[in-house]
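Notes for the one structure printed next.
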Amino acid sequence: MLTRGITVRTHRDLIATFGPEFVQTGFIDPEFGNALRIAEELREEVDYPISRVLPTEEVQAVVDDAERFLEENREKIRLLTFPSSE
């Protein structure tokens, strides 16, 4: 988002901006927009009501999604960070 001059103050703003800027434009696969939303929901569940404990499988699914996101989008991220001079 920073490469596009977009700054956000909260996790909620990041989620709200990610969809229109990256998913709806087709730059990022919609499955990753959904994965980001799920990760944020889980983060809120464990950050606020202290009694929530996440099962290992749920945490592993979020980590797996993040790793797949990086693998599938590494080149896009590189191009955003270091645009070609063509």
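In this chain, numbering begins with 1 at the start of the sequence shown. For the numbers below, each heavy atom of this structure counts, side chains included, while hydrogens, waters and symmetry mates do not.
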Kindly give the heavy-atom pair with the smallest separation between Ala39 and Val62, and that separation in Å. CB-CG1, 3.8 Å
Between CD1 on residue Ile38 and CD1 on residue Ile15, distance to nearest 0.5 Å: 10.5 Å
Residues Arg4, Phe22; criterion side chain to side chain contact (heavy atoms under 4.5 Å, CB included); working and verdict: CA-CA 11 Å; Arg4 294 185 177 192; Phe22 297 101; 3.6 Å; yes
Nearest heavy-atom neighbours spanning Glu40 and His11: OE2-CB, 3.3 Å
Using a 6.0 Å cut-off, check whether atom CZ of Arg68 has over 12 heavy atoms from anything other than its own residue. yes
Closest non-hydrogen atom pair, Pro20 against Thr25: O-CG2, 3.3 Å
Minimal heavy-atom distance between Glu58 and Leu42, with the atoms involved, is OE2-CD2, 3.1 Å
Taking atom CD of Glu72 and atom CD1 of Ile77, what is their separation to the nearest 0.5 Å? 11.0 Å
Value rounded to 0.5 Å, distance of CD in Glu57 from CG in Asp64: 11.5 Å
Hey, could you give me the CG/CE distance between Asp13 and Met1, rounded to the nearest 0.5 Å? 9.5 Å
Quick check: closest heavy atoms across Lys76 and Phe27, and the distance to 0.1 Å? NZ-O, 2.5 Å
Determine the minimum heavy-atom distance between Val23 and Pro30, stating which atoms define it. CG1-CA, 3.6 Å
Straight-line distance of Thr10 OG1 to Leu14 CG, nearest 0.5 Å: 8.0 Å
Let me confirm one number: the CG-CD1 distance from Asn73 to Ile28, rounded to the nearest 0.5 Å. 3.5 Å
Same cluster or not: Phe18 versus Leu70, using hydrophobic residues (I, L, V, M, F, W, Y) connected whenever any side-chain heavy atoms lie under 4.5 Å apart? yes
